[in-house]
Peer 1: 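One structure coming up, written as structure tokens, with questions to follow.
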Amino acid sequence: QVQLVESGGGLVQAGGSLRLSCAASGTIFSIDTLGWHRQAPGKQRELVASITSSGSTNYADSVKGRFTISRDNAKNTVYLQMNSLKPEDTAAYYCNLERQYGSSRPPRAYWGQGTQVTVSS
């Protein structure tokens with residue numbers, strides 16, 4: 001079982017910064033990929049950033065150069081440092097863990113409850 005708990009969301013002015021944290025507990029494997037998604041009201045949930053256990057990262061084009069994802073494997077925690085925030089970054093941010101099983105079975109995804117980020121202009 002896996003549990004994900006996000007923290008660090010809040011209200012910030014445009015140009016400001018926030019750091020989101022997500023603590024994973026339960027059974028965590030080294031192959032697990034961690035990431036952040038976000039969903040604004042009435043819009044599709046989208047990938048913001050992801051990071052593998054080896055440190056390989058992937059970012060949405062809209063956040064490249066502004067957001068940085070990192071992880072502390074010893075603490076089973078993933079972070080999202082968000083700088084130069086824009087009003088369009090306003091959304092509920094969700095921590096995600098994806099477990100790959102290769103050809104054995106489809107990947108399994110776990111989700112946190114989300115944390116709200118609101119950026120005012």
Side-chain angles (χ1 to χ4, degrees):
Q1 59 181 13
V2 174
Q3 299 83 42
L4 303 171
V5 180
E6 305 99 330
S7 62
L11 175 65
V12 66
Q13 291 191 14
S17 299
L18 285 173
R19 189 176 81 152
L20 305 183
S21 299
C22 173
S25 61
T27 303
I28 309 300
F29 300 133
S30 62
I31 62 171
D32 293 341
T33 295
L34 296 169
W36 293 91
H37 290 68
R38 67 185 181 187
Q39 187 169 23
K43 296 185 178 180
Q44 200 79 28
R45 185 173 298 187
E46 64 174 346
L47 172 70
V48 177
S50 64
I51 184 169
T52 68
S53 295
S54 63
S56 179
T57 59
N58 179 255
Y59 296 93
D61 288 340
S62 60
V63 307
K64 285 182 178 178
R66 300 188 298 119
F67 291 10
T68 302
I69 189 170
S70 61
R71 66 190 292 169
D72 185 334
N73 290 328
K75 297 180 179 180
N76 290 324
T77 300
V78 62
Y79 306 93
L80 185 68
Q81 179 66 46
M82 304 184 294
N83 298 325
S84 302
L85 283 162
K86 305 175 181 179
E88 50 263 44
D89 294 319
T90 296
Y93 284 70
Y94 298 88
C95 180
N96 167 252
L97 181 153
E98 185 169 286
R99 182 161 296 166
Q100 303 287 342
Y101 298 96
S103 60
S104 299
R105 68 196 74 179
R108 175 75 154 89
Y110 298 88
W111 297 88
Q113 291 184 304
T115 185
Q116 180 67 36
V117 172
T118 302
V119 184
S120 62
S121 60

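Computed over heavy atoms, backbone and side chain alike; hydrogens, waters and symmetry mates excluded.
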Peer 1: The test is side-chain contact (heavy atoms from CB on, under 4.5 Å); show your working for D72 and Y79 and say whether it passes.
Peer 2: CA-CA 8 Å; D72 185 334; Y79 306 93; 4.2 Å; yes

Peer 1: Quick check against the 3.5 Å criterion: does R71 have a side-chain atom that pairs as donor or acceptor with the backbone of T52?
Peer 2: yes

Peer 1: If I compare all heavy atoms of P87 with all of S121, which pair ends up nearest, and what's the gap?
Peer 2: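 Closest approach of P87 to S121: CG-CB, 3.9 Å.
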
Peer 1: Would D32 and Y110 count as a side-chain contact (heavy atoms from CB on, under 4.5 Å) if you check the C-alpha gap in whole Å, the side-chain angles of each, and the deciding distance to 0.1 Å?
Peer 2: CA-CA 10 Å; D32 293 341; Y110 298 88; over 6 Å; no

Peer 1: Decide yes or no on side-chain contact (heavy atoms from CB on, under 4.5 Å) for R108 and V2, but give the supporting numbers first.
Peer 2: CA-CA 11 Å; R108 175 75 154 89; V2 174; over 6 Å; no

Peer 1: Could you pull out the closest heavy-atom pair between A24 and L4, with the gap in Å?
Peer 2: CB-CD2, 3.5 Å

Peer 1: Is it the case that S56 and S54 place a side-chain donor and acceptor less than 3.5 Å from each other?
Peer 2: no

Peer 1: To the nearest 0.5 Å, tell me how far L80 CG sits from Y59 OH.
Peer 2: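 Going from the CG atom of L80 to the OH atom of Y59 covers 7.5 Å.
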
Peer 1: Which pairs, with at least one residue in residues 89-121 and sequence neighbours excluded, count as a disulfide (SG to SG under 2.5 Å)?
Peer 2: C22-C95

Peer 1: Hey, does the side chain of T77 reach the backbone of A23 with a donor-acceptor pair shorter than 3.5 angstrom?
Peer 2: no

Peer 1: Could you tell me whether the side chains of S25 and Q3 share a donor-acceptor contact shorter than 3.5 Å?
Peer 2: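 The answer is yes; a qualifying pair exists.
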
Peer 1: By the definition side-chain contact (heavy atoms from CB on, under 4.5 Å), identify the one residue from H37, Q39, R38 that meets it with Y93.
Peer 2: R38

Peer 1: Could you give me the CA-CA distance, side-chain angles and deciding distance for S21 and K75, then say whether side-chain contact (heavy atoms from CB on, under 4.5 Å) is met?
Peer 2: CA-CA 11 Å; S21 299; K75 297 180 179 180; over 6 Å; no

Peer 1: Surrounding CD of Q113 (heavy atoms of other residues, nucleotides or ligands, distance under 6.0 Å), is the total greater than 12?
Peer 2: no

Peer 1: So, taking the atom named CG in N96 and the one named CD in E6, what distance separates them when rounded to the nearest 0.5 Å?
Peer 2: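 Separation between the atoms: 10.0 Å.
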
Peer 1: What distance do Y94 atom OH and R45 atom CZ have between them, rounded to the nearest 0.5 Å?
Peer 2: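 Reported to 0.5 Å precision, the distance equals 5.0 Å.
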
Peer 1: Show me, pair by pair, the donor-acceptor contacts under 3.5 angstrom made by side chains of residues 10-20, not counting sequence neighbours?
Peer 2:
unit_1	atom_1	unit_2	atom_2	d
S17	OG	N83	OD1	2.8

Peer 1: Do Q116 and T90 come within less than 4.5 Å of each other through their side chains, counting heavy atoms only?
Peer 2: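 Yes - at least one pair of side-chain heavy atoms lies under 4.5 Å apart.
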
Peer 1: Give, for atom CD1 of I69 and atom CE of M82, the distance between the pair rounded to the nearest 0.5 Å.
Peer 2: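 I69 atom CD1 to M82 atom CE measures 11.5 Å (nearest 0.5 Å).
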
Peer 1: Using only heavy-atom distances, determine whether the side chains of E46 and Q44 contain a donor-acceptor pair under 3.5 Å.
Peer 2: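 The answer is no; no qualifying pair exists.
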
Peer 1: Does a salt bridge link D89 with K86, judged by any charged N lying under 4.0 Å from a carboxylate O?
Peer 2: no

Peer 1: Measure across L85 and R66 and return the closest heavy-atom pair with its distance rounded to 0.1 Å.
Peer 2: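 Of all heavy-atom pairs spanning L85 and R66, the closest is CA-NH1, 3.9 Å.
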
